[in-house]
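The structure appears right after this line, and notes come after that.
Note that this is a predicted model, so its numbers are computed, not measured. For reference, positions follow the sequence shown, starting with 1.
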Amino acid sequence: MSERRLLLVNGPNLNLLGTREPEIYGSHTLDDVERLTTEVAFELGFEVRAVQSNHEGVLLDAIHAARLDCAGIVINPAGLTHTSVVLRDALAGVGLPVAEVHISDVAKRESFRHHSYVADVAVVHVVGEGVAGYGTAVRRLIEVITGQAEG
């Protein structure tokens, strides 16, 4: 395992960032998200491997592979947050610390978005900070990994 690598997972439809409902998700693109995440991690001595897919199985395979060479996972499961028990089980099964990120404040949106299957396996939750929340999630997850997190 690399003690200095994070897996960044972005779920379905996040490839449309920048054009999909900009009033909710803003104008930043997935490339912007990956660049920000990589820059923040690099500043803290970590590297990032990024994956985005609209196919649940691709995400599961990436999460399973992370157990071999990553120290933690930053994930925006997108719509799978509210529907995917298997995604939750994959995250729990690899035994890595997880940071759950949501660009919008899902608690202030449609009621079906209020439940997260990922919430109970994540040690970090960042919600409603826009794309900047990915940077927050990386910082907080690295604090957990390096043992610098506050009680």
Side-chain angles (χ1 to χ4, degrees), residues 1-18 20 24-25 28-107 109 112-149:
M1 169 176 50
S2 169
E3 296 180 12
R4 296 294 192 185
R5 181 178 301 119
L6 302 176
L7 176 65
L8 171 64
V9 178
N10 279 290
N13 299 314
L14 289 171
N15 57 305
L16 299 177
L17 283 176
R20 175 184 174 224
I24 296 173
Y25 300 107
H28 292 285
T29 66
L30 183 60
D31 285 343
D32 295 331
V33 166
E34 292 178 358
R35 186 173 21 264
L36 170 66
T37 304
T38 299
E39 288 171 0
V40 171
F42 180 77
E43 290 170 9
L44 298 170
F46 280 69
E47 62 184 59
V48 172
R49 179 171 65 238
V51 61
Q52 185 283 325
S53 183
N54 297 319
H55 304 281
E56 190 173 37
V58 172
L59 301 178
L60 297 175
D61 289 344
I63 290 166
H64 291 175
R67 76 186 188 287
L68 302 175
D69 67 352
C70 291
I73 298 172
V74 176
I75 184 167
N76 183 340
L80 294 174
T81 304
H82 324 291
T83 63
S84 183
V85 173
V86 295
L87 182 66
R88 180 246 178 249
D89 288 350
L91 292 166
V94 297
L96 297 172
V98 174
E100 179 182 13
V101 181
H102 296 284
I103 295 169
S104 67
D105 186 345
V106 290
R109 297 188 58 199
F112 68 84
R113 295 185 194 277
H114 296 179
H115 176 73
S116 168
Y117 281 102
V118 174
D120 73 318
V121 296
V123 296
V124 172
H125 303 90
V126 181
V127 177
E129 291 187 15
V131 166
Y134 283 87
T136 302
V138 167
R139 285 183 192 92
R140 289 178 52 202
L141 184 61
I142 289 173
E143 288 174 358
V144 169
I145 292 166
T146 61
Q148 297 174 15

Are Leu141 and Val123 close enough that some pair of their side-chain heavy atoms sits under 4.5 Å apart? yes
If you look at every heavy atom in Val101 and Ala137, which pair is closest and at what distance? CG2-CB, 3.3 Å
Check step by step if side-chain contact (heavy atoms from CB on, under 4.5 Å) holds for Val138 and Val48. CA-CA 10 Å; Val138 167; Val48 172; 5.7 Å; no
Between Ser116 and Ala119, what is the shortest heavy-atom contact and its length? OG-N, 3.0 Å
Supply the atom-to-atom distance Arg5 CZ to Leu68 CG, rounded to the nearest 0.5 angstrom. 10.5 Å
Could you give the distance from OG1 (Thr37) to CG (Leu6), rounded to the nearest 0.5 Å? 9.0 Å
Just wondering, do Phe46 and Val40 contact through their side chains at under 4.5 Å, heavy atoms? no
Donor-acceptor contact below 3.5 Å, side chain Asp89 vs main chain Val86: no
Roughly how far, to the nearest 0.5 Å, is the CG atom of Leu60 from the CG atom of Leu91? 8.5 Å
Nearest-0.5 Å distance, NE2 of residue His64 to CG of residue Leu59: 11.0 Å
If you look at every heavy atom in Glu100 and His125, which pair is closest and at what distance? OE1-CD2, 3.3 Å
NE2/His102 to CG/Asn76 distance, rounded to the nearest 0.5 angstrom? 6.0 Å
Determine, stepwise, if the pair His28 / Leu36 fulfils side-chain contact (heavy atoms from CB on, under 4.5 Å). CA-CA 11 Å; His28 292 285; Leu36 170 66; over 6 Å; no
What are the two closest heavy atoms between Tyr117 and Thr83, and how far apart are they? CD1-N, 3.8 Å
Under a 3.5 Å threshold, yes or no: a donor from one side chain and an acceptor from the other, between Asn54 and Gln52? yes
Between Val121 and Ala92, which heavy-atom pair has the shortest distance, and what is it? CG1-CB, 3.7 Å
Among Val58, Val9, Leu14, which residue meets the side chain to side chain contact (heavy atoms under 4.5 Å, CB included) test with Ser53? Val58
Interatomic spacing from CG in Leu30 to CG in Asn10 - rounded to 0.5 Å: 5.5 Å
I'd like to check Leu44 versus Thr146 (side-chain heavy atoms, cut-off strictly below 4.5 Å). Are they in contact? no
Heavy-atom nearest pair, Arg4 first then Gly45, reads CD-O, 3.2 Å
